[in-house]
Amino acid sequence: MMAPNSLLIPTRPDALQYADCARLKFLLEFSTPCLLQPAVFLGLGRLLRLASRQIQGGRGLFNAALSDDPIAQRRHQKPSPPYVVRMPLTGERQVDAGEQLELEVLFLGTSIPLIRDFIASLEHLGRLGLVEGDGQFEVLQAVSIGLDLAEEVIWHRREAYESLMPVVVSLDWWLEMQLPQQAPLTLNFTTPARLMVGGRPLRRPHFVQVFPFILRRVTSMLHACCGLEPVGDPRLLLQTAGDVEELSRELEWQDWRPLTNRGQSVGGFVGRMHLGGAALDEILWVLAVGTLFGVGKSASYGAGALALSA
């Protein structure tokens, strides 16, 4: 039975006002056909690194460096790419010449000045093809997404990259506009989340098992990309998460199959958790930022996507 609605008064760290982000959509138009599956985009990092090496671009965009701080190395995950790609499809899709596909990418902190390198690498990948030479495409335009979800075209193909001016907002401002104001809440896992404990994946975890992964993902991204430590003592938030009421959960395991038998399937849990209780006020900002970053293996390329709804 769901708890009655209650007003949320969420808190958030002041440091988030110094964490900048930009959301862009890239419109791709295919010139050769191919069969697309989610596994193609989970491997997008490898393809973009290859493309960036060939054009001698990308710099720190595709190869994040470890922190020099030994304490930070213990506290945070190995640095992920400073951007997050939203999975553009959830199943198999045959794409023919002339068809278009939108690729949405969140750029965080240090990656914002490197958006031009991202586009250059994406354009070169289009000449190479997404799937073993098939699926060649052109990047037609880049669209910047504002806080009110208004979209503005900020770059067209063959324009100079210098003309590109994305809308940049702080995470604090984004949270001000996006945080839910009523409980209970639903935490949705919209693409497979693969979380490993003791070498084995969690298949139907409880919220208290999932929250540490979300917290570490959020704090690691903010440290690596923005130089911020928004959480002084993670143990306090972990204890608070234990007081969140898990009203119900409906989770199932889902596999994303590779295009060939050479690779392993990538599996994770999808579904939803219904959450309530006063403790949500303290940790809601972590969950909300987690909806931008995702959680678990391959989160930077669309796996482990999260959404919040009242």
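Excluded from the calculations below are hydrogen atoms, water molecules and symmetry mates; all remaining heavy atoms, backbone and side chain alike, are included. Please read all numbers here as calculations on a predicted model, not as lab measurements.
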Quiz item: Which pairs, with at least one residue in residues 287-303 and sequence neighbours excluded, count as a side-chain hydrogen bond (donor to acceptor under 3.5 Å, both in side chains)?
Solution: Tyr83-Tyr301, Arg217-Ser300

Quiz prompt | Under 3.5 Å: donor-acceptor pair, side chain of Glu246, backbone of Phe207 | solution = yes

Quiz item: Side chains of Pro234 and Thr219: closer than 4.5 Å at any heavy-atom pair?
Solution: no

Exercise. Would you give the length of the straight line joining atom CD of Gln17 to atom CD of Glu176, rounded to the nearest 0.5 angstrom?
Key: 12.0 Å

Quiz item: With side chains defined as the heavy atoms from C-beta onward, is the minimum distance between Leu287 and Leu306 less than 4.5 Å?
Solution: no

Quiz prompt | Spacing of Asp20 atom CG and Leu108 atom CG [to the nearest 0.5 Å] | solution = 8.5 Å

Exercise. Before accepting this row, confirm whether a basic side-chain N of the pair Arg23/Glu151 lies closer than 4.0 Å to the acidic partner's carboxylate O.
Key: no

Quiz item: Any chain of hydrophobic side-chain contacts (each under 4.5 Å) joining Leu308 to Val244?
Solution: yes

Practice problem: For residues Arg93 and Leu101, determine if any side-chain heavy atom of one lies less than 4.5 Å from a side-chain heavy atom of the other. | Solution: yes

Quiz item: If you look at every heavy atom in Leu280 and Ala183, which pair is closest and at what distance?
Solution: CD1-CB, 4.2 Å

Quiz prompt | Check: Arg127 side chain, Glu138 main-chain N or O, donor-acceptor pair, under 3.5 Å | solution = no

Exercise. Check step by step if side-chain contact (heavy atoms from CB on, under 4.5 Å) holds for Met221 and Val289.
Key: CA-CA 10 Å; Met221 287 287 284; Val289 176; over 6 Å; no

Quiz item: Where do Leu164 and Arg116 come nearest, in terms of heavy atoms and distance?
Solution: O-NH2, 3.9 Å

Practice problem: Tell me, please, which residues at least two apart from Phe107 pass ring-ring contact (aromatic ring centres under 6.0 Å, His included). | Solution: Phe118

Self-check item: Check: His156 and Leu140 side chains under 4.5 Å, non-hydrogen atoms
Solution: no

Quiz prompt | Arg86 side chain reached by Leu103 side chain, heavy atoms, under 4.5 Å | solution = no

Practice problem: Drop me the distance from Leu125's CG to Leu44's CG, to the nearest 0.5 angstrom. | Solution: 6.5 Å

Quiz item: Roughly how far, to the nearest 0.5 Å, is CD of Glu104 from NZ of Lys25?
Solution: 5.5 Å

Quiz item: Do Asp255 and Trp253 have side-chain N/O donor and acceptor atoms under 3.5 Å apart?
Solution: yes

Practice problem: Taking the side chain as every heavy atom from C-beta outward, state whether Glu229 and His223 have any pair of such atoms under 4.5 Å apart. | Solution: yes

Exercise. Side-chain contact test, heavy atoms from C-beta onward, threshold under 4.5 Å: evaluate it for Phe26 versus Val85 and give yes or no.
Key: no

Quiz prompt | Gap separating the CG atom of Leu122 from the CG atom of Leu28, nearest 0.5 angstrom | solution = 5.5 Å

Quiz item: Asn188 side chain to Thr190 main-chain N or O, any donor-acceptor pair under 3.5 Å?
Solution: no

Quiz item: Any donor and acceptor pair, going by atom type alone, linking the side chain of Ser144 with main-chain N or O of Pro166 inside 3.5 Å?
Solution: no

Quiz item: Does atom CG of Asp14 have more than 12 heavy-atom neighbours from other groups under 6.0 Å away?
Solution: no

Quiz prompt | Side-chain donor/acceptor of Glu99 to backbone N/O of Asp96, under 3.5 Å | solution = yes

Quiz prompt | Derivation and outcome, side-chain contact (heavy atoms from CB on, under 4.5 Å), residues Glu123 and Val139 | solution = CA-CA 6 Å; Glu123 285 194 301; Val139 184; 3.8 Å; yes

Exercise. Determine, step by step, whether Asp281 and Thr11 satisfy the side-chain contact (heavy atoms from CB on, under 4.5 Å) criterion, reporting the C-alpha distance in whole Å, the side-chain angles of both residues, the deciding distance to 0.1 Å, and the verdict.
Key: CA-CA 6 Å; Asp281 287 348; Thr11 61; 5.5 Å; no

Self-check item: Residue pair Trp285 / Arg12: nearest heavy atoms and the distance that separates them
Solution: CB-CB, 3.8 Å

Self-check item: Leu222 reachable from Trp173 in the ILVMFWY side-chain graph, under 4.5 Å edges
Solution: yes

Quiz item: Which pair of heavy atoms, one from Leu8 and one from Pro180, lies closest together, and at what distance?
Solution: CD1-O, 3.9 Å

Quiz item: Do other residues, nucleotides or ligands put more than 12 heavy atoms under 6.0 Å from the CH2 atom of Trp174?
Solution: yes

Quiz prompt | Minimum side-chain heavy-atom gap Leu42-Trp256 below 4.5 Å | solution = yes

Quiz prompt | Co-membership, hydrophobic cluster, residues Ile115 and Leu27, 4.5 Å side-chain | solution = no

Quiz item: Is a donor on one side and an acceptor on the other found under 3.5 Å between the side chain of Ser52 and the backbone of Ser121?
Solution: no

Self-check item: Joint hydrophobic cluster, Leu106 plus Leu147, side-chain heavy atoms closer than 4.5 Å
Solution: yes

Quiz item: Side chains of His274 and Arg249: is there a donor and an acceptor less than 3.5 Å apart?
Solution: no

Quiz item: Quick one: does Asp134's side chain have a donor or acceptor within less than 3.5 Å of a partner on Cys34's backbone?
Solution: no

Quiz item: Is the backbone N or O of His206 less than 3.5 Å from a side-chain atom of Gln209, with the two atoms forming a donor-acceptor pair by type?
Solution: yes

Quiz item: Do side-chain atoms of Arg272 reach the backbone of Glu250 as a donor and acceptor pair under 3.5 angstrom?
Solution: no

Exercise. Compare every heavy atom of Leu215 with every heavy atom of Val286, then report the nearest pair and how far apart it is.
Key: CG1-CA, 3.8 Å

Quiz item: What is the minimum heavy-atom distance between Leu171 and Leu292, and which atoms define it?
Solution: CD2-CD1, 3.6 Å

Quiz item: Atom CD1 in Ile154, atom CD in Gln141: separation rounded to 0.5 Å?
Solution: 10.0 Å

Quiz item: Honestly curious: do Leu24 and Tyr161 fall in one hydrophobic cluster under the side-chain, below-4.5 Å linking rule?
Solution: yes

Quiz item: Near Met165 CE, under 6.0 Å, is it more than 12 heavy atoms from other residues, nucleotides or ligands?
Solution: no

Practice problem: Decide yes or no on side-chain contact (heavy atoms from CB on, under 4.5 Å) for Leu175 and Leu284, but give the supporting numbers first. | Solution: CA-CA 10 Å; Leu175 289 173; Leu284 183 55; over 6 Å; no

